[in-house]
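Written below as structure tokens is the structure these notes are about.
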Amino acid sequence: MASAAALNVALIGCGFMGKAHSNAYAQVGHFFPHVRKIRRRVACCRGRAGLEALSRAWGWEGVETDWRRVVERPDVDLVDICAPNYLHAEMAAAAAGAGKIVLCEKPLANNVREAEAMVAATRSVPTFVWFNYRRIPAVELAARLLREGRLGRLYQYRAQYLQQWGPDPSRPNNWKMSRRTAGSGVNGDLNSHLIDTAMMLLGPIREVSATLESLLPEKPDPEAPGSTYSVDIDDAVLAQARFADGTLGSFEATRFATGFQNDNSFAVHGEKGMLEFHFEDMNHLTYAAVSGDPDLRGRRKVLPPARGPVDSPNFWKAGHPIGYEHTFIASLADFLDGLDSGRPARPTFEDGLAVQRVLHAIERSDRERRWVGTGL
Ligand code: SOE
């Protein structure tokens, strides 16, 4: 790994996440001036037009269409994988083999076997998975309140990830619609976020009982009007879970929730109170306490503190709302901070593997129609 002060980054993937990560690399030093400087060395993907557009928009110094060349480059320190899921394992192993730091989009891999191989292949380099919703100030506040035991004994954890684009006839076929390239449907794409946040807040999930559903196995193909394309992934997942601490959990993820754009939410109920979060209202955390005048009790929305010390330049002052892009900037800032402090930021690939084990248990439970242990 080059020991230059600046960290030379290679980004693989030019889609939605390529843009979110490019913005994070461009912005992180503005908001978090104490972390290592970033050099946007090279962006890589197969489609030339998308690649050139991304590079122009976000200021990548160079472009490359062959990822193998990118991971071998001596002027690259960090490889960030935003390519389709089925490529994660091979790319991560090659990058780590060349001594690079490896960051990867979620879910970590197509399945547990690949995720285990990724953990094994990257043991000697720093790793990170972009479960970005962990870094929302309201979610961080929830984590702090739970750590402090503010809810007392926990009764129930309920999480939902609701999107509506599944049946949209104008959506072209892409890699997310196939098990071969995506590993799964909503289980990996959306439920993985719910599981990661839940395990960050409450600890490991021990066992699950789940149902997966493909709601529209033939979808209209907007690129060939009048015809359809086959889809072999899950469109909706419902899971009951038991955490290691005994708390009962429920998880629901779907792309068929008509009326919902991107509602990633959770609620946790305990003997002393409750917490609730909705990403579509990401600047608020809802809190209710079982104390005080019973007639004045109720759920109230609180505005979480700004990220970092109040007088630091991190993001904006309290009360000045932040957005989706800040979750990626904060993820990157924590990762870079961890590199320098020697206390690696989470989630690492080990954490990504733990999520993958739960996703796997969910699929197996659906197939075998019974409760399945996660091994965690
Ligand atoms: C799917 O629509 C998607 O883009 C996910 O892949 C992301 O992880 C999620 O944050 C938003 O929705």
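One-based numbering, in listed order, for ligands and for the atoms of each.
Distance from atom 10 (O) of ligand 1 to its nearest protein heavy atom, with residue and atom name: Tyr133 OH, 2.5 Å. For atom 5 (C) of ligand 1, the closest non-hydrogen atom of the protein is Asp189 OD1, 3.4 Å. Scanning the protein heavy atoms around atom 12 (O) of ligand 1, the nearest turns out to be Gln163 NE2, 2.9 Å.
Of the inter-residue distances, the one linking Leu154 atom CG with His269 atom NE2 reads 10.5 Å to the nearest 0.5 angstrom.
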Check the pair Val139, Phe277 against side-chain contact (heavy atoms from CB on, under 4.5 Å), reporting the backbone distance first and the verdict last.
CA-CA 7 Å; Val139 176; Phe277 170 77; 3.9 Å; yes
In sequence, state the C-alpha distance, the side-chain angles, and the governing distance for Phe260 and Trp165, and then conclude on ring pair (Phe, Tyr, Trp, His ring centres under 6.0 Å).
CA-CA 9 Å; Phe260 289 85; Trp165 58 269; over 10 Å; no
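Taking the ring centre of Tyr287 as origin, the terminal cationic atom of Arg300 falls outside the region bounded by 6.0 Å and 45° from the ring axis.
Listed by number with element, the atoms of ligand 1 under 4.0 angstrom from any heavy atom of Lys106 are 5 (C), 6 (O), 7 (C), 8 (O). The distance from ligand 1 to the heavy atoms of Trp165 drops below 4.0 Å at these ligand atoms: 2 (O). Close approach to Phe16 involves these atoms of ligand 1, each under 4.0 Å from a residue heavy atom: 4 (O).
Classification of Glu90 and Arg68 as a salt-bridged pair holds, one side-chain N sitting under 4.0 Å from a carboxylate O.
Within the structure, the closest approach of Arg255 to ligand 1 does not fall below 4.0 Å when heavy atoms are considered. Look at Phe328 and you'll find every heavy atom at least 4.0 Å from all atoms of ligand 1. Residue-ligand proximity: Lys176 is placed with a non-hydrogen atom under 4.0 Å from ligand 1. By the 4.0 Å heavy-atom criterion, Met17 is excluded from the residues contacting ligand 1.
In terms of heavy-atom proximity, Glu218 sits nearest to Thr228 at OE1-OG1, 2.8 Å.
A 4.5 Å side-chain heavy-atom check between Trp60 and Leu51 finds every atom pair outside the cut-off. Between Trp67 and Ile81, every side-chain heavy-atom pair lies at or beyond the 4.5 Å cut-off.
Below 3.5 Å of separation, one finds an N or O of His193 facing an N or O of ligand 1.
Pairing of Cys45 with Cys14 by a disulfide is supported, the SG atoms lying closer than 2.5 Å.
The side chain of Tyr161, and not its backbone, has at least one atom closer than 4.0 Å to an atom of ligand 1 (non-hydrogen atoms only; side chain from C-beta on). The part of Tyr324 lying near ligand 1 is the side chain, judged by heavy-atom distances below 4.0 Å.
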